[in-house]
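Reviewing the structure listed below.
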Protein chains: 2
Amino acid sequence: MAGVQDNQLAIAVSNAGGLGSLPCAMLAPDTLRSELTTLQASTAKPYNVNFFAHTPPVPDPERERVWRASLARYYREFAIDPDNIASGLSRQPFDKTSAEILDHFKPPIVSFHFGLPSRDMLAHVRSWGAKILSSATTVQEARWLEARGADLIIAQGLEAGGHRGMFLTEDLTSQLGTLALVPQIVRAVRLPVIAAGGIADAQGVAAVMRLGAVGAQVGTAYLLCPEATTGPVHRAALKSATANHTALTNLFSGRPARGIVNRFMRERGPLSDQAPAFPLATAAVAPLRAKAEALGASDFSPLWAGQNVSGCKEIPAAELTRELARGSV
Amino acid sequence: MAGVQDNQLAIAVSNAGGLGSLPCAMLAPDTLRSELTTLQASTAKPYNVNFFAHTPPVPDPERERVWRASLARYYREFAIDPDNIASGLSRQPFDKTSAEILDHFKPPIVSFHFGLPSRDMLAHVRSWGAKILSSATTVQEARWLEARGADLIIAQGLEAGGHRGMFLTEDLTSQLGTLALVPQIVRAVRLPVIAAGGIADAQGVAAVMRLGAVGAQVGTAYLLCPEATTGPVHRAALKSATANHTALTNLFSGRPARGIVNRFMRERGPLSDQAPAFPLATAAVAPLRAKAEALGASDFSPLWAGQNVSGCKEIPAAELTRELARGSV
């Protein structure tokens with residue numbers, strides 16, 4: 001879960017018998033190296049590293065100008081000079097630099113979001129024996145991943161928090177609830193399937209295993225664990241009644257992602273045609289988020305969460321992992 | 001399932017040990033009486049009768065005019081005279097007339113969609129000992145139904161085919177996937193909960209029971225049964241690959257309902273601000289549907305279906321019911 005955790009959560013989960021995951025898409029090379037060094041020194045159990053596999057967009061200055069102009073009232077409100085906002089990609093797809101760093105650590109499992117990197121890059125990852133995972137949000141994406149050589153498929157239902165992994169379509173009506181998606185993917189591919197989306201507790205894990213999944217991917221439930229780096233406004237939102245209303249929004253990054261509805265999403269509508277392509281939309285909102293968060297407000301923060309926050313507990317991740325695992329037996 | 005079944009499907013399901021349901025919202029008083037007469041003569045098992053509980057809209061001639069004007073190109077295509085299209089409500093909420101007919105039959109279970117009728121009407125239904133069910137699409141709606149005296153709650157997840165039962169909100173972002181909705185409603189109310197949405201087979205039934213549901217409501221899977229009155233273009237669509245792409249649309253009735261994406265939904269976008277209030281939108285589309293269906297085309301038909309048509313089988317409803325029931329043990 002990029003932005004809300006580092007190796008500490010991954011270590012705790014892996015040591016408790018789950019498969020801890022390190023989100024790498026927002027890490028600079030030096031940080032990636034140091035995170036992996038700590039991770040490997042702290043667990044002898046399997047762990048996963050997660051990268052994005054999107055195609056970087058071609059910047060579109062006119063679209064960026066229109067997007068920033070539409071935010072003018074917010075810049076005025078927070079006394080932000082719109083001419084002094086940094087551009088720049090906040091999230092990079094998996095690349096040669098990352099692959100060469102991974103060579104030193106040989107992580108046993110590598111997962112991707114938004115498809116898969118090139119065949120050459122996949123061969124590189126496979127060279128040290130890593131298993132490759134990626135998310136499918138439709139049956140068609142699952143078949144595509146199987147044909148491209150994924151080893152396991154994460155069936156990401158519509159309930160899931162954070163970015164939709166969708167990569168063969170931009171049509172949100174194609175996105176299925178977990179209960180509908182998992183059995184259809186299980187039937188469509190020969191690969192093992194991990195279910196994601198709306199799984200908050202052991203009962204949820206048990207339910208998806210009845211649908212044919214071999215495991216469950218749980219994110220939201222870990223957001224209040226002490227090992228997560230979830231920020232104060234995000235934690236406060238998760239603990240409030242507002243957490244029961246999430247929506248898919250592209251305002252924070254340019255791609256649809258599920259988060260708790262806040263002021264920015266309410267006022268703009270959660271989905272905007274004006275938002276620049278992923279991940280370019282992030283830059284213009286970043287200073288608003290920083291100013292609002294400094295005032296203790298979550299109005300401009302991406303409050304990623306799935307449709308079931310009932311499993312969020314302020315307990316050590318190891319304890320939560322053991323609770324969830326009771327659903328898998 | 002109003003429009004695609006009569007008492008034959010209900011009888012087959014009840015006699016096989018399920019709870020067969022008769023959709024009554026589109027039945028004139030005489031038909032309601034004759035359907036119930038046949039139903040009661042054909043099964044000694046419990047059965048359910050389903051009614052709508054919406055507030056009838058105030059007709060808005062200007063909105064109707066704009067809506068019909070927006071359909072002009074289609075009227076021309078099918079040589080339909082737009083001045084000769086009947087208005088009129090195609091679906092009536094539960095009323096005194098219906099209640100008095102039910103008095104003679106005393107159905108053991110009465111379910112409502114879109115909330116509940118007035119307290120007086122509920123007292124009337126309860127007078128012969130009927131249990132009252134209604135659909136909740138959010139935790140808030142489940143609590144409302146419990147407070148108003150429902151006996152069981154149907155948790156209708158976003159995957160479900162046909163009309164969303166939502167009645168306290170019109171905001172589609174409030175709608176949850178079944179896997180997220182069921183456990184949250186189970187926890188929020190003391191009433192027993194029946195899960196609906198995306199349940200296509202015994203595995204699906206087993207999964208929702210692991211989430212705490214006491215039963216499963218299955219609709220889509222029955223649409224190809226010989227006892228269903230599903231029309232030819234609807235059956236053809238369900239058997240084709242297009243059935244894998246559904247969307248919520250208000251074009252056919254004025255309220256969001258899930259159906260297979262067809263030409264009308266694609267060309268207009270599935271959700272339109274112009275569609276008259278439920279159920280008034282139906283009238284203007286009805287002649288287009290009739291003309292297209294006469295040509296064997298499903299382009300203007302509401303092709304209600306949930307997000308998992310994998311359970312649709314051309315087998316007797318009794319057999320399907322017994323297959324599904326294997327998931328409940």
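From a predicted model like this one, the values you see are computed outputs, not experimental measurements. Throughout, protein chains are lettered first and strands after them, A, B, ... in sequence-line order, and every chain is numbered starting at 1.
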Problem set entry | Choice from Thr178(B), Val261(B), Ile199(B) maximising heavy atom contacts with chain A below 4.5 Å | Thr178(B)
Exercise. Which members of residues 154-173 of chain A, sorted by number, sit under 4.5 angstrom from chain B on a heavy-atom basis?
Worked result: Leu158(A), Glu159(A), Asp171(A), Thr173(A)
Problem set entry | Counterpart residues, side-chain hydrogen bond (donor to acceptor under 3.5 Å, both in side chains), relative to Ser70(B) (two or more places apart) | Arg268(B)
Exercise. Looking at Trp67(B) and Val285(B), what are the two nearest heavy atoms and their distance?
Worked result: CZ2-CG2, 3.9 Å
Exercise. Gln140(B) versus chain A, heavy atoms under 4.5 Å apart: side chain, backbone, both or neither?
Worked result: neither
Exercise. Any residues in residues 301-311 of chain A near chain B, with a heavy-atom distance under 4.5 Å, and which are they?
Worked result: Gln307(A), Asn308(A), Ser310(A)
Problem set entry | Options Gly198(A), Ala180(A), Gly212(A), ranked by heavy-atom pairs under 4.5 Å with chain B, top entry | Ala180(A)
For this session: Name, in order of residue number, those residues of residues 240-253 of chain A that have a heavy atom at a distance of less than 4.5 Å from a heavy atom in chain B; otherwise write 'none'.
Result: Asn244(A), His245(A), Thr246(A), Ala247(A)
Seminar exercise, completed: CG (Leu152(A)) and OG (Ser134(A)) are apart, to the nearest 0.5 Å, by 11.0 Å
Exercise. Salt bridge or not for Lys239(B) and Glu314(B), using N-O below 4.0 Å?
Worked result: yes
Exercise. Side chains of Thr230(B) and Tyr222(B): do they bring a donor and an acceptor to under 3.5 Å?
Worked result: no
Problem set entry | Min side-chain heavy-atom separation Leu223(B)-Val4(B) under 4.5 Å | yes
Problem set entry | Residues Glu323(B) and Lys313(B) bridged, charged N to O under 4.0 Å | yes
Exercise. Is there side-chain contact between Arg263(A) and Arg266(A), with heavy atoms separated by less than 4.5 Å?
Worked result: yes
Problem set entry | Residue part contacting chain A, namely of Leu181(B), when any heavy atom lies under 4.5 Å | neither
For this session: Taking all heavy atoms of Gly204(B) and all of Leu211(A), pick out the closest pair and write down the distance.
Result: CA-CD2, 3.9 Å
For this session: Check whether any side-chain heavy atom of Gln217(B) lies under 4.5 Å from a side-chain heavy atom of Leu133(B), and answer yes or no.
Result: no
Seminar exercise, completed: Heaviest contributor of heavy-atom pairs below 4.5 Å to chain B, chosen from Gln175(A), Gln203(A), Met209(A), is Gln203(A)
Seminar exercise, completed: In short, Gly18(A) meets Thr321(A) closest at the heavy-atom pair N-CG2, 3.7 Å
Exercise. Is there side-chain contact between Val193(B) and Val214(B), with heavy atoms separated by less than 4.5 Å?
Worked result: no
For this session: Please report the shortest heavy-atom distance between Ala281(A) and Ala275(A), naming the atom on each side.
Result: CB-CB, 4.3 Å
Exercise. Would you call the rings of Tyr74(A) and Phe264(A) parallel, tilted or perpendicular if under 30° counts as parallel and over 60° as perpendicular?
Worked result: perpendicular
Seminar exercise, completed: Looking only at heavy atoms, the pair that brings Val208(B) and Val182(B) closest together is O-CG1, 4.4 Å
Exercise. Chain B: which of Pro270(A), Ala195(A), Gly177(A) shares the most heavy-atom pairs with it under 4.5 Å?
Worked result: Gly177(A)
Exercise. What are the two closest non-hydrogen atoms of Leu238(B) and Cys312(B), and how far apart are they?
Worked result: CD2-SG, 4.4 Å
